[in-house]
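Reviewing the structure listed below.
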Protein chains: 4
Amino acid sequence: MSPKIVNKEEKKAEIIHAAMIVFAKRGLVKTKMIDIAEQAGIGKGTIYEYFRSKEDIFATAFQYFFSEMTTAIESILADTEDPVEQLKLLMTESLNSLQHVGSDFAAIMMDFWAEGIRNKDQRILSIINLKKIYENYRRTIRTILEDGISKGVFKPVNTLYTSAVLIAAFDGLILQWIMDRELIDLEKVTNVLISNFLEGIKK
Amino acid sequence: MSPKIVNKEEKKAEIIHAAMIVFAKRGLVKTKMIDIAEQAGIGKGTIYEYFRSKEDIFATAFQYFFSEMTTAIESILADTEDPVEQLKLLMTESLNSLQHVGSDFAAIMMDFWAEGIRNKDQRILSIINLKKIYENYRRTIRTILEDGISKGVFKPVNTLYTSAVLIAAFDGLILQWIMDRELIDLEKVTNVLISNFLEGIKK
Amino acid sequence: MSPKIVNKEEKKAEIIHAAMIVFAKRGLVKTKMIDIAEQAGIGKGTIYEYFRSKEDIFATAFQYFFSEMTTAIESILADTEDPVEQLKLLMTESLNSLQHVGSDFAAIMMDFWAEGIRNKDQRILSIINLKKIYENYRRTIRTILEDGISKGVFKPVNTLYTSAVLIAAFDGLILQWIMDRELIDLEKVTNVLISNFLEGIKK
Amino acid sequence: MSPKIVNKEEKKAEIIHAAMIVFAKRGLVKTKMIDIAEQAGIGKGTIYEYFRSKEDIFATAFQYFFSEMTTAIESILADTEDPVEQLKLLMTESLNSLQHVGSDFAAIMMDFWAEGIRNKDQRILSIINLKKIYENYRRTIRTILEDGISKGVFKPVNTLYTSAVLIAAFDGLILQWIMDRELIDLEKVTNVLISNFLEGIKK
DNA sequence: TATGAATGAGCATTCATTCAT
DNA sequence: TATGAATGAATGCTCATTCAT
């Protein structure tokens with residue numbers, strides 16, 4: 001007769017997980033609350049015990065998505081201290097992990113971008129803040145580049161823009177991969193990116 | 001005896017223009033027919049004299065958007081025969097024209113991507129076919145690269161993946177620019193991309 | 001430079017004729033003004049030069065339909081003075097003429113009934129007045145029956161109800177014929193009606 | 001833990017009941033979803049929890065209407081084995097029950113006819129199939145007639161057409177009654193029909 | 001805590017009617 | 001007189017959210 005004990009955070013994570021699966025399948029906009037509920041194996045109303053609104057789910061999913069990427073990046077960087085190797089690892093590992101979860105899942109990124117760009121809601125902006133997220137990405141890359149420059153491995157390039165270009169190429173390749181999975185072999189194309197681009201900035 | 005004479009094609013273009021403005025402001029999904037009508041200064045019902053449905057407007061806008069890009073690209077390529085110069089021009093001019101129409105407008109591309117990726121409707125697929133559009137973009141770049149290789153200007157790189165990387169970088173930079181217009185100076189960042197990347201593939 | 005001279009009444013009749021054709025094909029409710037205009041080979045707006053509204057067209061068509069029936073009936077009755085023969089002729093000729101115009105056309109009667117029954121609009125009620133129309137039909141039959149009774153041909157039946165039953169059978173047979181043209185041979189079934197029913201009321 | 005328990009079938013029946021009332025009042029075509037909802041004392045959206053579409057409501061109402069008639073007919077026939085009596089009972093009881101529900105309600109039949117005749121939608125045709133319904137009615141009457149003929153009570157009439165005529169008279173009388181409730185006393189007119197018509201086919 | 005029945009705001013679309021030409 | 005481009009009221013339907021159980 002004791003009340004069912006539920007780990008709130010755990011269940012939230014479960015719902016987010018379910019939501020991500022449906023987002024990947026149907027896209028953000030076409031996903032209905034009932035879809036998420038069914039995927040999570042719970043009742044429609046139950047979702048509202050854990051999330052205020054559909055937007056809240058979206059924002060939380062957004063957070064999970066990018067925080068996981070950040071965590072992955074950080075762990076990658078700890079593996080080596082060679083700037084060239086770090087950049088290589090960063091690209092290959094990031095693309096590998098995306099390839100692993102699948103292009104459907106990667107397509108969520110499109111939705112996150114599209115939504116994240118417009119969102120002006122102050123309550124949500126603190127969570128869905130692509131500007132800040134990309135600032136962080138760039139900062140990570142810049143640190144590597146500056147490290148490489150000071151070590152004499154890289155030319156004295158503009159680290160802000162170089163980091164932007166690297167991230168840009170990464171995002172753009174995912175986009176093309178989503179559209180044409182057969183054609184774009186992420187591994188090979190990453191090698192092309194790395195070999196050519198690093199060649200350009202290496203001393 | 002004679003009713004009001006209207007240039008149907010002109011009016012369609014006007015409505016598409018209005019739609020694009022609203023798409024840019026509100027995003028594709030949140031745009032309502034009444035928004036487009038008000039922006040165009042016409043009645044809600046009038047839109048249906050020129051377009052079958054909301055989806056039809058979207059598909060037509062999509063077509064306008066990418067066909068304009070294609071036209072712009074073609075005219076750029078006619079200006080010079082030097083492969084290096086062609087690639088430079090392609091990047092700078094494309095980014096310039098996007099910069100010119102504004103980031104709100106460029107944000108439509110996000111919506112087009114997000115929608116285009118998921119759309120499986122056969123009727124629409126013939127119009128909204130990002131896969132094909134990107135194939136064309138890559139083919140254009142490949143031709144330049146192959147030309148450059150045969151002329152001995154470029155190393156014998158994998159032209160498919162190199163073209164993919166170049167386009168990727170372009171798309172990704174726009175994305176970052178949309179999110180942070182102050183930080184990302186498209187001109188400067190393009191120079192960085194060109195100088196570093198071309199350096200990597202030049203012989 | 002003289003203005004085009006148009007016979008207003010003639011053109012009204014043309015439009016009504018076109019309307020009837022479309023009513024027969026699509027049904028009253030699903031018929032749009034544009035359908036009538038196209039069938040009549042004129043512009044949508046032109047209809048409003050001759051009719052105030054869609055309802056006006058309907059009411060006029062209604063009038064045409066039933067006044068034609070009445071005219072047909074009257075001419076039939078003039079052919080003979082024998083009450084038995086008059087009833088026979090009335091049934092056979094009425095059914096024949098309906099058979100001739102076709103079941104699609106006869107189906108309009110269903111629409112007229114459905115609409116006529118509900119219509120409470122006073123402006124229209126003077127035109128679409130099924131109650132009065134059926135009173136007239138019954139009066140015609142009653143006159144024949146009374147004539148037959150006074151001539152000693154018919155039993156002294158209740159002429160009101162007998163006329164109602166005869167008209168009812170007529171209407172009901174059309175209904176079944178509309179639904180199942182192959183099965184119901186109007187000629188044969190009329191013979192059955194006449195022979196059995198007249199047998200019942202003949203002295 | 002346990003949500004509100006609703007008898008889905010019961011609620012469907014309630015909504016159909018409400019729909020029938022509105023259909024009777026306003027007519028099928030002019031009935032709006034909001035009308036049905038208000039009559040049923042529920043919200044607009046609730047209807048869609050029980051019916052897919054307006055057409056679905058209509059089809060279900062249609063089904064209820066005619067299946068009730070069929071049930072009534074079957075129970076009537078079980079009361080006696082005398083063919084003459086069966087025909088008499090069939091007419092009087094059917095008319096009585098219609099008289100009981102009221103002419104507004106009977107007017108729905110007009111709408112059903114009008115709609116049923118045109119409907120060509122295959123999905124709906126299996127439900128709204130007046131041709132089949134009338135075939136069943138005729139078969140019922142034919143069985144009685146054939147029974148009567150073999151028992152030597154009726155002349156060897158054409159049973160198909162005779163049954164068609166009987167049903168026709170029934171339908172037609174309802175039509176006149178709907179239009180003129182004061183004038184047409186269903187009981188008396190049925191007696192006239194029975195006495196005259198049966199007289200005609202009795203041996 | 002969990003649920004799903006109930007709800008109504010919101011939206012795409014239709015079509016009778018108007019009116020400038 | 002004839003037209004069809006323009007219009008917006010009207011309506012079926014969806015779906016996020018609420019709340020009684």
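A, B, ... follow the sequence lines: proteins, then strands. Residue 1 opens every chain.
When rounded to the nearest whole Å, the span between CE of C:Met33 and P of E:dT18 equals 10 Å. Here the P atom of nucleotide E:dT13 and the CD1 atom of B:Ile42 are 15 Å apart, to the nearest Å. Rounded to a whole Å, the CG atom of A:Asn7 is 12 Å from the P atom of E:dA2. D:Lys11 places its NZ atom 11 Å from the C1' atom of E:dT7, with the value rounded to the nearest Å. We find that CD1 of A:Ile34 is positioned 11 Å from C1' of F:dA16, with the value rounded to whole Å.
For C:Lys12, the side-chain contact (heavy atoms from CB on, under 4.5 Å) partners at least two apart in sequence or on another chain are C:Glu9, C:Tyr50, C:Phe51. In terms of the side-chain contact (heavy atoms from CB on, under 4.5 Å) criterion, residue partners of C:Ala18 (sequence neighbours excluded) are, by chain and number, C:Gln39, C:Ala40. Take A:Thr31 and apply the side-chain hydrogen bond (donor to acceptor under 3.5 Å, both in side chains) test, not counting sequence neighbours, and it matches no residue. Every side-chain contact (heavy atoms from CB on, under 4.5 Å) that A:Ala24 has, sequence neighbours left out, goes to A:Asp104, A:Phe105, A:Ile108.
Closest to the side chain of A:Lys32, from the set F:dC15, F:dG12, E:dA12, is F:dC15.
Rounded to the nearest 0.5 angstrom, B:Glu49 CD and B:Ile15 CD1 are separated by 9.5 Å. The line from NZ of C:Lys44 to CD1 of C:Ile34 is 5.5 Å long, rounded to the nearest 0.5 Å. In this structure, CE on C:Met33 lies 7.5 Å from NZ on C:Lys54, to the nearest 0.5 angstrom. Rounded to the nearest 0.5 angstrom, D:Leu130 CG and D:Arg118 CZ are separated by 12.5 Å. From B:Trp113, atom CH2 reaches atom CE of A:Met109 across 10.5 Å, with rounding to the nearest 0.5 Å.
Not one N or O on the side chain of A:Asp111 forms a donor-acceptor pair closer than 3.5 Å with the backbone of A:Gly27.
Interface residues of residues 55-64 of chain A facing DNA chain F, ordered by number: none; criterion, heavy-atom separation under 4.0 Å. Residues from residues 12-31 of chain A that place a heavy atom under 4.0 Å from any atom of DNA chain F, listed by number: A:Thr31. Contacts between residues 44-53 of chain D and DNA chain E, counted as heavy-atom distances below 4.0 Å, involve D:Lys44, D:Gly45, D:Thr46, D:Glu49, D:Tyr50.
Screening residues 30-39 of chain A for salt bridge (charged side-chain N to carboxylate O under 4.0 Å, His left out) gives A:Arg26-A:Asp35 as the qualifying pairs, with residues at least two apart or on separate chains.
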Give the dot-bracket line for DNA chain F from 5' end to 3' end: parentheses for intra-strand Watson-Crick or G-U pairs under 3.5 Å, square brackets for crossings, | for inter-strand pairing, dots for unpaired. .||||||||||||||||||||
Report, one line per pair, each donor and acceptor closer than 3.5 Å where one atom sits in a side chain of residues 55-68 of chain C; sequence neighbours left out.
{"from": "C:Asp56", "atom 1": "OD2", "to": "C:Arg52", "atom 2": "N", "distance (Å)": "3.0"}
{"from": "C:Thr60", "atom 1": "OG1", "to": "C:Asp56", "atom 2": "O", "distance (Å)": "2.7"}
{"from": "C:Ser67", "atom 1": "OG", "to": "C:Gln63", "atom 2": "O", "distance (Å)": "3.2"}
{"from": "C:Ser67", "atom 1": "OG", "to": "C:Tyr64", "atom 2": "O", "distance (Å)": "3.2"}

Go through the steps for C:Ile42 and C:Lys11 under the test side-chain contact (heavy atoms from CB on, under 4.5 Å), then give the verdict. CA-CA 11 Å; C:Ile42 58 175; C:Lys11 187 121 185 191; 4.1 Å; yes
